[in-house]
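Keep in mind the model is a prediction, meaning the values are calculated, not measured. So that the names make sense, note that chain A is the first sequence line, chain B the second, and so on, each numbered from 1.
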Amino acid sequence: MTFLKDINDASKLINETFYWAFVSPFKGRGIRVRASISEMVKAGYNSVPIVAVISFFIGVILALQSAYQLKRVGALIYVANLVGVSITRELGPIITAIIVSGRSGSAYAAEIGSMKAAEEIDALKTMGINPVRFLVVPKLMALMIMLPVLTIIADVVGIFGGFLLSTTVLEIHPYSYFQQTVNALLVKDIITGLVKAWAFGVIITIVGAYQGFKVEGGAEEVGRRTTASVVASIFLVIVFDLFFTALFYYFT
Amino acid sequence: MENAIEVRNLITHYGDREILKNLSFSIPKGKTTVILGGSGCGKSTLLKHLIGLLKPTSGSILMNGKDIAILDEAELDEVRKKTGVLFQGAALLNSMSIAENVALPVAEHTKLNESTIQIMVRMKLDLVGLSGFENYYPSQLSGGMKKRAGLARAIALDPELLFFDEPSAGLDPVTAAGLDELILKLRNVFKMTIVVVTHELPSVFMIADYVIMLDIGEVIFSGTIDELKASDNPRIRMFLERRPEKEAFSPDDYFRIIAGD
């Protein structure tokens, strides 16, 4: 019973969020641009360093791990293919999404949750300000734009990590590594990765906001909901990743 | 006497538990009405219904002839623009400065330009005695100042109707009395209809024109403050004279319960 109620509440939130984000701007009730930009700085710009460092390491690890196998068949140059394709199609978006769920998804749940506990959400309602429009839509806009952008950064830095390791430790010629990567990558690899990133942005926002609005009690519950939001958004990100990967496998 | 709010046969439940049991009363226009009652009598729940945060199981709440129990969110927002609410913890948005908090409803609901809004904010803060605190954040203010700032925000759009949830809760007597003065001023100068939910007796005697008393989800009294003082209803007398509820068990009964017979 509670499960059905959760589904009902979540779909209500999704419905309302998409209404205020995509329908109401055409009815003369625009989104809060300034708040959206400030959310973009918080969720996007501020996570550039961590995303860059982690995806650099992932690129290095990927190159090393694939060299371990490819060396035995004498196809070391295919490290470039493996690194390029797996980062753009899969690891770039998912690593970015996991970092952002940990940083921003949890922050959204904590922010909205503590506002709920301090009656700030009720205060917004009594001022005739819709809390979803006021709080959730700027976050949605921010993540819908910034998650693909961060993914592009992760792609570039990750490939660079693989490149750096291959050209030094594996002693592959830089030009041939570069050529191999360019030949291996298709535009659709990058595009499908960015489509995933966009969807992950929506998931992380909705899960964070949903858990935040669910807070009824005090500080303890805010903590519990924050944890739940990270677990749930990583889980859902992977479920949707599976879904999109299967979809792209058959239809592109 | 004209009424600002009329509540008819209001019934509400939390789960299966009935919280408000068929309430009917009216709140006069241009006066200060106090909703009085002990803890757990349903007065906070009633307030949440009056400001449209909760929907009743049945019954109607008429505000200027409109039943807010059946309005949808968009229509409700129109009503909310004409009402202000001061929450128990002031409920200022912690991420914004005091000036931004007070400016928020004005910026959201009017098309006034930035400098006009600034002037309005300064006037409201001046009215509640907080001029000079524009750029402070809620976390930098004391409890009493937060409530004043919350009040400035509640009256930002010059509402006709103003609700207070436990205005003196958590304040020392001097600060609480200051807030009561402010409530009196708002009624006298701006002719607002004011509804205060409280259980603080000194505050009630200072500000109330009209009193509605709740007990276990029912209205046991509604009338003027003098009528309240003259009432001989035992529940009201207990409340006014600060007498505790009678012990349910005598020591002998207790012993019998513990001993198991």
Side-chain angles (χ1 to χ4, degrees), chain A residues 1-2 5 12-13 15-17 19-20 23-24 27-39 41-43 104 107-108 110-139 142 212-213 215-219 222, chain B residues 14-15 44 47-54 68 71-96 100-111 114 138-139 146 149-151 153-157 159 161-166 169:
Chain A
M1 254 338 268
T2 48
K5 196 180 173 304
K12 258 192 219 156
L13 176 67
N15 194 7
E16 215 178 325
T17 309
Y19 171 81
W20 289 108
V23 181
S24 86
K27 291 182 173 173
R29 202 92 177 88
I31 56 164
R32 298 169 64 230
V33 178
R34 221 182 294 174
S36 304
I37 292 172
S38 116
E39 293 289 349
V41 172
K42 275 192 268 178
S104 307
Y108 295 168
E111 180 190 334
I112 295 176
S114 54
M115 288 181 77
K116 185 98 193 283
E119 291 183 311
E120 290 176 37
I121 301 285
D122 283 348
L124 282 175
K125 282 189 199 160
T126 56
M127 282 188 273
I129 297 170
N130 184 294
V132 172
R133 187 180 93 84
F134 192 81
L135 294 168
V136 185
V137 171
K139 297 177 179 17
F213 281 122
V215 169
E216 296 288 345
V222 175
Chain B
Y14 277 153
S44 298
L47 180 74
K48 283 193 173 159
H49 282 91
L50 294 181
I51 58 184
L53 288 176
L54 291 177
I68 64 163
L71 292 184
D72 65 26
E73 282 297 313
E75 293 168 311
L76 210 48
D77 280 348
E78 289 306 311
V79 177
R80 282 165 173 165
K81 283 179 204 171
K82 297 194 194 89
T83 58
V85 184
L86 174 60
F87 286 87
Q88 195 170 344
L92 296 165
L93 302 186
N94 282 311
S95 57
M96 294 178 163
E100 285 166 340
N101 261 294
V102 179
L104 185 63
V106 188
E108 283 287 321
H109 294 304
T110 64
K111 298 216 180 307
E114 195 68 28
S139 57
K146 269 189 210 170
L151 180 56
R153 184 178 69 182
I155 59 173
L157 286 172
L161 200 58
L162 198 51
F163 293 95
F164 290 80
D165 187 8
E166 308 260 358

By side-chain contact (heavy atoms from CB on, under 4.5 Å), B:Ala107 pairs with (sequence neighbours left out) B:Ile117
Interface moiety of A:Met127 toward chain B, non-hydrogen atoms closer than 4.5 Å: both
Contact part of B:Asp165 toward chain A, heavy-atom cut-off under 4.5 Å: side chain, backbone, both or neither? side chain
Which residue pairs satisfy the side-chain hydrogen bond (donor to acceptor under 3.5 Å, both in side chains) criterion with at least one member in residues 115-125 of chain A, sequence neighbours excluded? A:Glu120-B:Asn94
Identify which part of B:Leu76 has an atom lying under 4.5 Å from any heavy atom of chain A, answering side chain, backbone, both or neither. neither
Rounded to the nearest 0.5 Å, what's the gap from NZ on B:Lys48 to OG1 on A:Thr126? Could you check? 11.5 Å
Quick check on B:Glu73 against chain A: is it the side chain, the backbone, both or neither that has a heavy atom closer than 4.5 Å? neither
Could you tell me the separation between the CZ atom of A:Arg133 and the CD atom of B:Glu108, rounded to the nearest 0.5 Å? 4.5 Å
Residue by residue, scan residues 78-86 of chain B and write down, ordered by number, those that have a heavy-atom distance under 4.5 Å to chain A; if none do, write 'none'. B:Arg80, B:Thr83, B:Val85
A:Lys5: what forms a side-chain hydrogen bond (donor to acceptor under 3.5 Å, both in side chains) with it, not counting sequence neighbours? A:Asp9
Under 4.5 Å from any heavy atom of chain B - which part of A:Ile121: neither
d(A:Phe134 CZ, B:Leu93 CG) to nearest 0.5 Å is 5.5 Å
